[in-house]
Protein chains: 2
Amino acid sequence: MATIGMKELARELKLSTATVSKALRDSYDISEETKQRVLKLAREWNYIPNAHASSLRGKKSKTIAVVIPEVADSYFAQAINGVETVAQKEGFHVLVYLTHEQVEKENLILKELLNGRVDGILISVTSQSQDVTAVNKLKQAGIPVVFFDRVLEGVGDGQIITNDFEASYKLTAHLIEQDCKNIAFLLFSESLNISTQRMNGYKSALHQYALSLQDKNLLICTNQDEENRKAIHQLLQAESRPDAIIASVEKLILPTYLACAERNLVIPNDIKVAAFSNLMHASILNPAITTITQPAFEMGKVAAELLLKALKGKPIDQDESKIVLPSILEIRTSSKLFL
Amino acid sequence: MATIGMKELARELKLSTATVSKALRDSYDISEETKQRVLKLAREWNYIPNAHASSLRGKKSKTIAVVIPEVADSYFAQAINGVETVAQKEGFHVLVYLTHEQVEKENLILKELLNGRVDGILISVTSQSQDVTAVNKLKQAGIPVVFFDRVLEGVGDGQIITNDFEASYKLTAHLIEQDCKNIAFLLFSESLNISTQRMNGYKSALHQYALSLQDKNLLICTNQDEENRKAIHQLLQAESRPDAIIASVEKLILPTYLACAERNLVIPNDIKVAAFSNLMHASILNPAITTITQPAFEMGKVAAELLLKALKGKPIDQDESKIVLPSILEIRTSSKLFL
DNA sequence: TTGAAAGCGCTAACAT
DNA sequence: ATGTTAGCGCTTTCAA
């Protein structure tokens, strides 16, 4: 089954492939009549240009990569949706790479992407990423990189983030106003930008309300749900157990709720809980959980738009290269004064 | 900034590009010494082969496409994870395309994929898909297609599904045994394979237990959450309102819970609820929801493995081309006799 | 307005 | 064991 190529079209129409090529790309110096003839046959024969040939020739692949830790998280699922929506509209293809939260994998992936497979990259780094050289090499190779949510500072062509510090401050303040005096903060990694921003917002609120920061209330979690549950369980047994928990990542909601249940602590009566999360089912959890919700879809969309703008060679202004979208504090039962 | 290509390596080593190419692919007829020299320099210079050139030349892109309705659903998020894991291990790249539940988009995407951009395709069709011609064209073009979860019958090179009929039967029987006599069934589309399978399991159980099937208890939902909530609300007002609801898709859990709350119906006392869902947070919903859980990650993994096998030219046996993985019925509070 | 020819970077058949 | 050459399918000068 012979695939239809320009050669076949050209032969049938008694034209050269050059003319066919130009006609298809609507070049100025082809007669209207010829254009029509070419277009007609191409449609009839269902001609589809070979992607690799054009990419090789034109040094453009019409493809972008999205590099993320996982998809099994509402945030990234929604963000991909945003990215894909924009990409599809603009005729771009989307390659998805998962780092599974491992820096080494991330580096391998970024290295391979130097080969021209993609025109640009959207990335949300692993919780361990700090090394900036891979991104710089991409820049040198002329491949723009836009960060979203989990960013690396000082590199790349742009970053789309949320007001993590502020949101975290607001959330912490809210809990304090519900009479919490001993708030625990669960985080993923100390090196991750969003983690520290969120932690700083928390610390800042404590300080503002003249509450002391206790080291034991900062719990650094891992990628293992089971371990986390145990660690939280542990945290809840301490003499002066916390009267509130902030989970700075969606992943930590489940172990938190489970640990509370194990300890027979009723949320929010015995302990209040809140989380950074895009969980669609936040309102029907037991109890409905107070969240900081990020505009995930929008972030994906904006990130893709910025990247595509860069790919079109348009200059990225200073004030465009760092876009901060607001998260929303949604207060629900889990942080209410009483059930 | 000149990219390093084989030409550069060859020049430096005073070899031909052919030799370099062979050395890099570890060909038999290159001396060990030369191989080492080439590999060494390639590493030093960070040589990365141009993906499009090899693809064009070799008619192989080392890329597969995953075509799905959405990612914002636990099932697909987990399935992608499975696919990506296998692909990464085998050095394949993964293009993700979202159909947004629109057949036209699906067809456009499949049509474009005829152009050699990918070697093979994994797909879960939209709720409206029935036309089989696009898939057949791909087959003609030598591009294998493997379906997962939402399949089209009679085409493609394989399908990975779950025992939907059986699972649904079991779930319905379970509800009947909890004394439910008036069970509503919410579905997405009547044409979708999984929908009908699940509906048939439900019908079959009713029949088995000598319960009559009532038309008003079959509610066909749309893609609009708001509309669905209203429709369910409506359903719950009927004279003889159902004493149980089966949501045959995860998406319908939220509107169901919300509608019950609006009607002041306590689950499971006033009405029982169960759903097909991979929700990680099923156990902490209010109340914890009884689910049929599909092995989503595994399905993605197996689907990718089957596709890659086909890509390696290995024959797909008859009994391999249709793989049925078992779903799990997880009984939780939402379907308990009493709270 | 159209066509001839070169070449994107790599690979494989066929010399040498 | 290494090199020469042709060509994957398309685009783009440049010439006709």
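Here is the naming used below: chain letters follow the sequence lines, and residue numbers restart at 1 for every chain. The model shown is predicted, which means the values in this text are computed figures rather than measured ones.
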Check Ile143(B) against Val118(B) and note the closest heavy-atom contact, atom names and distance. CD1-O, 4.1 Å
Rounded to whole Å, CG of Leu13(B) lies from C1' of dG3(D) at a distance of 15 Å
Can you list, in residue-number order, the parts of residues 34-41 of chain A that come under 4.0 Å of DNA chain C, counting heavy atoms only? Thr34(A)
For the pair made of CD1 in Ile4(B) and P in dC8(C), what is the distance, rounded to whole Å? 15 Å
Do the non-hydrogen side-chain atoms of Lys111(A) and Asn46(B) ever get within less than 4.5 Å of each other? yes
Check: Thr162(A)/Gln294(A) side-chain N/O donor and acceptor closer than 3.5 Å: yes
Starting from C1' on dA12(C), measure out to NZ on Lys59(B) and report it in whole angstrom. 14 Å
Please name the residue in the list Val38(A), Leu39(A), Leu24(A) that meets the side-chain contact (heavy atoms from CB on, under 4.5 Å) test with Tyr47(A). Leu24(A)
Whole-Å distance separating the CZ atom of Arg117(A) from the P atom of dC10(C): 13 Å
One would report the end-axis bend of the helix from dT1(C)-dA16(D) to dT16(C)-dA1(D), five pairs per end and rounded to 10 degrees, as 40°
How close or far is atom P of dG9(D) from atom CD1 of Ile48(A), stated in whole angstroms? 15 Å
Could you list, one pair per line, each protein nitrogen or oxygen that sits under 3.5 Å from a nitrogen or oxygen of nucleotides 11-14 of chain D, together with the distance?
| unit_1 | atom_1 | unit_2 | atom_2 | d |
| --- | --- | --- | --- | --- |
| dT11(D) | OP1 | Arg25(A) | NE | 3.1 |
| dT11(D) | OP2 | Ser21(A) | OG | 3.0 |
| dT11(D) | O2 | Arg57(A) | NH1 | 2.0 |
| dT12(D) | O4' | Arg57(A) | NH2 | 3.4 |

Between His100(A) and Gln88(B), is there a side-chain donor-acceptor contact under 3.5 Å, judged purely by atom types and distance? no
Using side-chain contact (heavy atoms from CB on, under 4.5 Å) as the criterion, point out the one residue from Val83(A), Asp73(A), Ile80(A), Val125(A) that pairs with Ile68(A). Ile80(A)
Find the distance Leu15(B):CG to dC10(C):P and express it as a whole number of Å. 15 Å
Whole-Å distance, Leu56(A) CG to dC8(D) P, equals 13 Å
Provide, to the nearest angstrom, the distance between the CG atom belonging to Asp26(B) and the P atom belonging to dA12(C). 14 Å
Any carboxylate oxygen within less than 4.0 angstrom of a Lys/Arg side-chain nitrogen, looking at Glu90(A) and Lys312(A)? yes
Can you name the closest pair of heavy atoms from Gly156(A) and Lys139(A) and give their distance? O-NZ, 4.3 Å
Quick check against the 3.5 Å criterion: does Ser21(B) have a side-chain atom that pairs as donor or acceptor with the backbone of Thr17(B)? no
Which heavy atom in Tyr97(A) sits nearest to a heavy atom in Arg117(A), and how many Å separate them? OH-CD, 3.7 Å
Determine whether a donor-acceptor pair (N or O, by modelled atom type, separation under 3.5 Å) exists between the side chain of Glu8(B) and the backbone of Gly5(B). yes
At 4.0 Å (heavy atoms only), tell me whether Lys60(A) reaches a base, stays on the sugar-phosphate, or touches nothing. nothing
